[in-house]
Amino acid sequence: GAGVSQSPSNKVTEKGKDVELRCDPISGHTALYWYRQSLGQGLEFLIYFQGNSAPDKSGLPSDRFSAERTGGSVSTLTIQRTQQEDSAVYLCASSYGTLNEQFFGPGTRLTVL
Amino acid sequence: DAKTTQPTSMDCAEGRAANLPCNHSTISGNEYVYWYRQIHSQGPQYIIHGLKNNETNEMASLIITEDRKSSTLILPHATLRDTAVYYCIVYAGGTSYGKLTFGQGTILTVHP
């Protein structure tokens, strides 16, 4: 079946611009996660959605970052006024329940010039 | 979540077993041990997880010590495609919903 998909696969933007990154989770998965991975670094948790519960935003690095999940499915991560330090691969994952394996998408590589 | 300690890198000959250790001496009773791997330029891939019993699936085996302070991931017959960064993570779900904390992992290089 279809896995987690993300778009775009690559995004180059200028400092100060806003960007939107999209994630399509696996159908039926109730949990959706965003992580980011800077060059040569491990993954950093950003935000988590579970069903209709309020999202856990504790990993968002600043108020320039926000995310929403519409209809319990597709999610969008928005970064406002991008900075060069926002350059990273942004990974989305989904799972059926919090103790089950997380399936990761291929990521969006964001480059802020 | 408890902190894990893994060797920075390991080598393995193709066809041999790869044994990747992980220390998690401060693990709590409700925390599971998860293993993921990340092949270059791809998203992480789940391998296996366990609580206290040893586990085996089509990819690997997980051996957890009786005191649960350490574990070993075993790839029984490593192939070149197993070259990746392997992450050992302890995770309880519950109050840490979704927060898989990835450390630096072990870079496993499988050579011919």
Side-chain angles (χ1 to χ4, degrees), chain A residues 2-7 9-10 21 23-26 29-60 67 69 75 88-109, chain B residues 1-9 22 27-53 55-60 62 73 84-108:
Chain A
V4 177
S5 61
Q6 294 185 245
S7 59
S9 55
N10 283 283
L21 312 179
C23 172
D24 284 86
I26 293 173
H29 279 189
T30 56
L32 185 147
Y33 319 81
W34 284 97
Y35 298 83
R36 75 175 175 181
Q37 187 169 31
S38 301
L39 186 63
Q41 301 297 311
L43 275 77
E44 174 189 5
F45 168 81
L46 297 177
I47 189 169
Y48 155 77
F49 297 88
Q50 170 62 43
N52 296 321
S53 302
D56 177 354
K57 304 179 181 180
S58 61
L60 294 179
R69 188 180 185 191
S75 177
V89 176
Y90 288 80
L91 290 152
C92 175
S94 70
S95 69
Y96 187 73
T98 59
L99 285 179
N100 295 326
E101 63 180 286
Q102 295 184 17
F103 291 83
F104 283 79
T108 293
R109 181 175 298 278
Chain B
D1 290 336
K3 182 177 179 179
T4 62
T5 304
Q6 300 177 250
T8 301
S9 63
C22 179
I27 192 170
S28 300
N30 64 339
E31 288 182 312
Y32 289 73
V33 180
Y34 282 74
W35 284 84
Y36 282 76
R37 73 180 182 182
Q38 188 172 24
I39 296 170
H40 183 62
S41 298
Q42 298 182 20
Q45 176 190 25
Y46 166 84
I47 302 172
I48 198 168
H49 75 280
L51 183 62
K52 53 184 178 181
N53 296 323
E55 302 288 337
T56 295
N57 63 21
E58 65 279 3
M59 290 183 67
L62 174 61
L73 177 74
V85 181
Y86 286 76
Y87 297 99
C88 169
I89 301 163
V90 291
Y91 172 65
T95 57
S96 56
Y97 291 121
K99 293 180 184 178
L100 293 180
T101 301
F102 288 79
Q104 294 303 306
T106 296
I107 301 170
L108 174 68

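Since this is a predicted model, take the numbers as computed values, not measurements. Sequence lines set the chain letters: A, B, ... in the order given, protein chains first and strands last, and positions in each chain run from 1.
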Rounded distance [0.5 Å steps], [atom1] in [X] versus [atom2] in [Y]:
| X | Y | atom1 | atom2 | answer |
| --- | --- | --- | --- | --- |
| A:E101 | B:Y36 | CD | OH | 6.5 Å |
| A:Q102 | B:Y91 | CD | OH | 6.0 Å |
| B:Y87 | A:L43 | OH | CG | 6.0 Å |

Which residues pass the side chain to side chain donor-acceptor pair (under 3.5 Å) test with B:T8, not counting sequence neighbours? none

Below 4.5 Å from any heavy atom of chain B, which atoms of A:L91 appear? Answer side chain, backbone, both or neither. side chain

Region of A:Q37 that comes under 4.5 Å of a non-hydrogen atom in chain B: side chain

Only one of A:Y33, A:Y35, A:Y48 clears side chain to side chain contact (heavy atoms under 4.5 Å, CB included) with B:L100; which? A:Y35

Salt bridge (Lys or Arg N to Asp or Glu O under 4.0 Å) pairs, two or more places apart, involving residues 34-47 of chain B: B:R37-B:D82

